[in-house]
Structure formats: C-alpha cells, structure tokens
Amino acid sequence: MKVKYIGENGSRFSVLKGKIYECIGKERDRYRVIDETDEDYLYPASEFEVIEE
C-alpha cells in the first residue's frame, strides 16, 4: 500500500510532509512505513492519507 504523509514537517518522525511512502502493514491504529532512514517503523495512521491500496 502507498500512503502520503500529511502531518507536520519538523516533527519527531523521519518522514516528510507530502511525500509518498511504502506501507508494509497495519497494526491497530498505526501503519508500518519505510521512512527516510530506509527502515520500517510504526507511525500513527491519522498522519497519513492512503494513495493506493
């Protein structure tokens, strides 16, 4: 699944506002996203918009 980060830049996350990321899973209310560090981490689903299922 592809998701776009819609949260704020400068946050504690290693993702950039408006950038599309690969989501490799969902756990409760969080997406497991491969971020700017090329590692996968859990991020709040509310901070992302689904682009492609």
Check residues 43-53 and write down every donor-acceptor pair under 3.5 Å in which the side-chain atom is one partner and the other belongs to a residue at least two apart or another chain.
from  : atom 1 : to    : atom 2 : distance (Å)
Tyr43 : OH     : Asp35 : OD2    : 2.4
Glu47 : OE1    : Tyr5  : OH     : 3.4

Quick one: name the residues clustered hydrophobically with Leu42, using the 4.5 Å side-chain heavy-atom rule over I, L, V, M, F, W, Y, and just say none if it's on its own. none
Please list every donor-acceptor pair under 3.5 Å in which a side-chain atom of residues 20-27 meets a protein atom from a residue at least two apart or in another chain.
from  : atom 1 : to    : atom 2 : distance (Å)
Tyr21 : OH     : Leu16 : N      : 2.7
Tyr21 : OH     : Glu36 : OE2    : 2.7
Glu22 : OE1    : Lys2  : NZ     : 2.8
Glu27 : OE2    : Arg32 : NE     : 3.1
Glu27 : OE2    : Arg32 : NH2    : 3.2

